[in-house]
K.L.:
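I have a structure I would like to understand better, so I am pasting it below and will then ask my questions one at a time.
The basis for the numbers below is simple: all heavy atoms, side chains too, and nothing from hydrogens, waters or symmetry mates.
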Amino acid sequence: AAFEAVTSQQAADQLREDISNASLWALKLPAARQAVEQDLICVKLTQAVYELQMNSWFTDDFGSPVIITQYPNAYGYVTLPSCPLVNIVSVKYDDTLGVEQTLSTSAYTVDTASLPGRLRWTGNVTLPGLAVKENAVRIRYTAGYGAVGAGDGGQSAVPYPLKEAVLMRLADLYENRQNGMEGRFEQNPTYWNLVSPWRIPC
């Protein structure tokens with residue numbers, strides 16, 4: 001991630017700690033964010049680049065070129081498991097000779113409205129044949145809240161309830177760092193009231 005869901009100042013205020021303790025924030029802030037993301041399932045709080053690797057263009061194995069209109073209902077799109085989807089960086093594949101190629105952007109459209117987001121195949125497109133190997137298709141995409149390079153570091157785009165959830169996780173990690181008592185959030189209604197409306201299954 002290029003930034004954290006909450007600022008060091010917000011973390012310092014939550015813990016009543018010295019903001020100059022950079023080593024504390026470097027360890028605890030990512031851990032707190034990742035704990036919340038685990039509970040959110042597919043949702044990423046901060047923007048980053050991910051890669052979905054597949055053995056074929058679809059869930060079934062096709063060794064020859066595929067015409068999308070032959071499979072309009074079952075294979076109209078590929079779900080990208082981290083969200084919210086921002087954009088698709090590239091779609092690369094190994095052709096039948098094992099040479100890496102980049103799929104033309106005219107072969108697909110980007111559906112950022114769905115959660116999780118989707119790569120939707122363009123009608124009447126013919127997808128090229130693939131090498132018979134693991135991970136012959138690799139879709140790189142950007143997902144998560146916030147924007148790298150935003151004036152505030154991107155935190156303003158993170159939903160407020162999820163920021164509060166990160167701060168709660170942060171306080172728990174900080175207060176119980178010696179006694180191994182972390183993990184009380186399974187039965188914490190306040191925490192789940194913040195997190196549950198934002199959970200997206202993959």
K.L.:
Please list all pairs meeting salt bridge (Lys or Arg N to Asp or Glu O under 4.0 Å) that have one or both residues in residues 188-201, counting only residues at least two apart or in different chains.
P.N.:
none
K.L.:
Ignoring hydrogens, what is the shortest heavy-atom contact between Pro116 and Ile200? Give both atom names and the distance.
P.N.:
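Looking at all heavy atoms of both residues, the closest pair is CD-CG2, 3.7 Å.
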K.L.:
Looking only at heavy atoms, which two atoms of Asn188 and Thr190 are closest? And how far apart?
P.N.:
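Scanning both residues completely, I find the closest heavy atoms to be OD1-N, 3.1 Å.
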K.L.:
Group every Ile, Leu, Val, Met, Phe, Trp and Tyr by side-chain heavy-atom contacts under 4.5 Å, then state whether Val86 and Val78 land in the same group.
P.N.:
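Val86 does not cluster with Val78.
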K.L.:
Contact between Val99 and Asp94 at the side-chain level, heavy atoms closer than 4.5 Å - yes or no?
P.N.:
no
K.L.:
Kindly determine whether Tyr50 and Ile139 satisfy side chain to side chain contact (heavy atoms under 4.5 Å, CB included), including the steps that lead there.
P.N.:
CA-CA 8 Å; Tyr50 299 89; Ile139 303 174; over 6 Å; no
K.L.:
Has Arg120 got its NZ or CZ under 6.0 Å from the middle of the six-membered ring of Tyr108, at an angle within 45 degrees of the ring axis?
P.N.:
no
K.L.:
Decide yes or no on side-chain hydrogen bond (donor to acceptor under 3.5 Å, both in side chains) for Ser114 and Asp111, but give the supporting numbers first.
P.N.:
CA-CA 6 Å; Ser114 297; Asp111 176 7; 2.6 Å; yes
K.L.:
Rounded at 0.5 Å granularity, tell me how far OG1 in Thr142 sits from CG in Leu85.
P.N.:
8.0 Å
K.L.:
Can you tell if the side chain of Val89 reaches within under 4.5 Å of the side chain of Asn87, non-hydrogen atoms only?
P.N.:
yes
K.L.:
Going from CH2 on Trp198 to CG on Leu115, what distance comes out if it is rounded to the nearest 0.5 angstrom?
P.N.:
10.0 Å
K.L.:
Restricting to non-hydrogen atoms, name the atom on Trp192 and the atom on Pro197 that form the minimum distance, rounded to 0.1 Å.
P.N.:
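Nearest heavy atoms, Trp192 then Pro197: O-CD, 4.2 Å.
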K.L.:
Can you measure from CD (Gln10) to NZ (Lys163) and round to the nearest 0.5 angstrom?
P.N.:
5.5 Å
K.L.:
How many angstroms lie between atom CD of Glu100 and atom CG of Asp95, to the nearest 0.5 angstrom?
P.N.:
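Separation between the atoms: 10.0 Å.
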K.L.:
Keeping Asn55 on the side-chain end and Asn135 on the backbone end, is there a donor-acceptor pair under 3.5 Å?
P.N.:
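Answer holds: yes.
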K.L.:
Let me see the working for Ile88 and Leu80 under side chain to side chain contact (heavy atoms under 4.5 Å, CB included), right down to the final yes or no.
P.N.:
CA-CA 10 Å; Ile88 292 178; Leu80 302 170; 4.2 Å; yes
K.L.:
Can you hop from Val43 to Val49 via hydrophobic side chains spaced under 4.5 Å?
P.N.:
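No, no single cluster joins them.
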K.L.:
Please name all residues satisfying ring pair (Phe, Tyr, Trp, His ring centres under 6.0 Å) with Tyr93, sequence neighbours left out, ordered by chain then number.
P.N.:
Trp57
K.L.:
Give a yes or no on whether a salt bridge exists between Glu51 and Arg138, defined as a side-chain N under 4.0 angstrom from a carboxylate O.
P.N.:
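Salt bridge absent between Glu51 and Arg138.
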K.L.:
Taking all atoms of both residues into account, what is the closest heavy-atom pair of Ala136 and Ala131, and its distance?
P.N.:
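Ala136 and Ala131 have their closest heavy atoms at CB-O, 3.7 Å.
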K.L.:
Taking side chain as C-beta onward, heavy atoms only, is Pro128 less than 4.5 Å from Gln101?
P.N.:
no
K.L.:
Following the transitive rule for hydrophobic clusters with a side-chain heavy-atom cut-off under 4.5 Å over Ile, Leu, Val, Met, Phe, Trp and Tyr, establish whether Leu52 and Leu127 coincide in one cluster.
P.N.:
yes
K.L.:
Verify side chain to side chain contact (heavy atoms under 4.5 Å, CB included) between Tyr141 and Ser90, making sure each step is shown before the conclusion.
P.N.:
CA-CA 7 Å; Tyr141 62 100; Ser90 65; over 6 Å; no
K.L.:
Output the distance between atom NZ (Lys44) and atom CG (Leu162), rounded to the nearest 0.5 Å.
P.N.:
13.0 Å
K.L.:
Please report the shortest heavy-atom distance between Val166 and Ala32, naming the atom on each side.
P.N.:
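Between these two residues, the closest heavy atoms are O-CB, 3.7 Å.
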K.L.:
Say whether, by atom type as modelled, one donor and one acceptor occur between the side chain of Asn193 and the main chain of Pro189 under 3.5 angstrom.
P.N.:
yes
K.L.:
First locate atom SG of Cys83, then atom CD1 of Ile41, and finally report the distance between them rounded to the nearest 0.5 Å.
P.N.:
10.0 Å
K.L.:
Heavy atoms only: give me the nearest Arg169-Asp39 pair and the separation to one decimal.
P.N.:
NH2-OD2, 2.7 Å
K.L.:
Test side chain to side chain contact (heavy atoms under 4.5 Å, CB included) on Leu40 and Leu45; report intermediate values, then the result.
P.N.:
CA-CA 9 Å; Leu40 291 169; Leu45 298 183; 3.7 Å; yes
